[in-house]
Amino acid sequence: MNPLEIVKSPVEIDPDNFELKGSPVVFLNRTLGELADIFLDKNGATLIPSATPVYTVHSWLPVREWTPGGLFFGTSTIMPGKVGNEYFMTKGHFHELADRSEFYWGIQGKGVLILMDRDRNTWGEEVYPGSLHYIGSEIAHRLANTGDDNLVVGACWPSDSGHNYEEIAINGFSARLVEIDGKPVLVPQKNILN
Ligand code: S6P
Ligand code: ZN
């Protein structure tokens, strides 16, 4: 950059679909085939084509991962849909440096941000355009789309957070977000596991 020059930022949010445009942007597409294990209804998952996209993530990583003091930015789009009666959702994670926090904010659609603390207490926050969510230290987080349109959520997190997916892959969240009588309900895992 030259002194006194006014330039455009290298990355912007596409106002039409809220994807990130520019460089460098990392794109991730999570299909049902690779996520089938996270849903309770394994048989229900086989009824949906494995190439079906469940969510996409566009991330701008302006610094190397693990850089202290930096920030990352992303937009996640969770598609509408259910496996059995469980809403399409993200894998969910704690941060690898588990005290690192994060902001989420609702941009489009509707859903629930599912949160779980280290004592395995799980609760949710409603996500809608304009909703703002502070995900504190040591809190696992997962997004579920409860609407008929794409759920788009912005996120900003420290560049030295990392992601701990393993713990959720092994133990899951202590509750699942399912549709009961047309409404999203958090149901304790032990009550719906046979
Ligand atoms: C990163 C942030 C989001 C998620 C994204 C996908 O810390 O929380 O960008 O990565 O929503 O979820 P997941 O659980 O598959 O990373
Ligand atoms: Zn995160």
Side-chain angles (χ1 to χ4, degrees), residues 11 13-14 17-20 24-39 45 52-81 83 86-118 122-128 131-147 150-177:
V11 177
I13 302 174
D14 186 326
N17 57 16
F18 308 106
E19 294 177 353
L20 298 185
V25 170
V26 179
F27 173 69
L28 202 75
N29 176 26
R30 298 278 188 216
T31 61
L32 187 69
E34 60 187 299
L35 294 172
D37 282 352
I38 71 173
F39 295 98
T52 304
V54 176
Y55 62 98
T56 61
V57 186
H58 286 79
S59 303
W60 180 17
L61 317 179
V63 294
R64 272 174 197 273
E65 188 161 28
W66 301 113
T67 303
L71 292 171
F72 291 158
F73 181 94
T75 55
S76 302
T77 301
I78 298 90
M79 315 310 164
V83 175
E86 189 172 20
Y87 298 100
F88 275 12
M89 60 184 176
T90 61
K91 288 204 275 187
H93 56 269
F94 286 97
H95 288 151
E96 194 164 328
L97 291 190
D99 66 349
R100 297 303 193 261
S101 303
E102 180 163 3
F103 271 120
Y104 273 12
W105 64 97
I107 297 173
Q108 186 184 64
K110 69 173 183 175
V112 174
L113 169 59
I114 303 166
L115 300 160
M116 183 177 74
D117 67 19
R118 286 287 178 191
T122 296
W123 68 102
E125 288 184 3
E126 289 177 15
V127 183
Y128 52 89
S131 67
L132 188 54
H133 312 273
Y134 179 71
I135 302 164
S137 172
E138 309 273 356
I139 304 289
H141 39 290
R142 157 180 279 171
L143 285 164
N145 184 342
T146 59
N150 288 355
L151 171 68
V152 184
V153 175
C156 184
W157 67 102
S159 47
D160 61 353
S161 303
H163 294 90
N164 173 356
Y165 291 106
E166 203 182 5
E167 208 164 319
I168 297 301
I170 295 169
N171 299 318
F173 280 66
S174 62
R176 289 180 177 275
L177 192 72

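Remember, it's 1-based here, ligands and their atoms both numbered in the order they're listed.
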Which atom pairs, donor and acceptor, lie under 3.5 Å between side-chain atoms of residues 95-112 and protein residues at least two apart or in another chain?
unit_1: His95; atom_1: ND1; unit_2: Arg100; atom_2: O; d: 2.9
unit_1: His95; atom_1: NE2; unit_2: Glu102; atom_2: OE1; d: 2.9
unit_1: His95; atom_1: NE2; unit_2: His141; atom_2: NE2; d: 3.3
unit_1: Arg100; atom_1: NE; unit_2: Asp160; atom_2: OD1; d: 2.9
unit_1: Arg100; atom_1: NE; unit_2: Asp160; atom_2: OD2; d: 3.4
unit_1: Arg100; atom_1: NH2; unit_2: Asp160; atom_2: OD2; d: 2.7
unit_1: Ser101; atom_1: OG; unit_2: Tyr134; atom_2: OH; d: 3.1
unit_1: Ser101; atom_1: OG; unit_2: Ser137; atom_2: N; d: 3.4
unit_1: Glu102; atom_1: OE1; unit_2: His141; atom_2: NE2; d: 3.0

When Thr75, Val127, Thr90 are each screened for side-chain contact (heavy atoms from CB on, under 4.5 Å) with Val153, the one that passes is Val127
Listing by chain and number, which protein N, O or S atoms are under 2.8 Å from the Zn ion (ligand 2)? His93 NE2, His95 NE2, Glu102 OE1, His141 NE2
All heavy atoms of Tyr87 vs all of Ala144, minimum pair found to be CB-CB, 4.2 Å
For the residue pair Ile13 and Phe73, what are the closest heavy atoms and their distance? CD1-CZ, 3.9 Å
Distance, nearest 0.5 Å, that separates CG of Asp14 from CG of Asn17: 4.0 Å
Under 3.5 Å, is there a donor on one side chain and an acceptor on the other for Glu166 and Asn164? no
His58 side chain to Thr56 side chain, donor-acceptor N/O pair below 3.5 angstrom: no
Which protein residues have a heavy atom closer than 4.0 Å to any atom of ligand 1, listed by chain and number? Tyr55, Val57, Ser76, Thr90, Lys91, Gly92, His93, His95, Glu102, Tyr104, His141, Trp157, His163, Tyr165
Tell me, please, which residues at least two apart from Glu138 pass salt bridge (Lys or Arg N to Asp or Glu O under 4.0 Å). Arg118
Do the ring planes of Phe39 and Phe88 sit parallel (below 30°), tilted (30 to 60°) or perpendicular (above 60°)? tilted
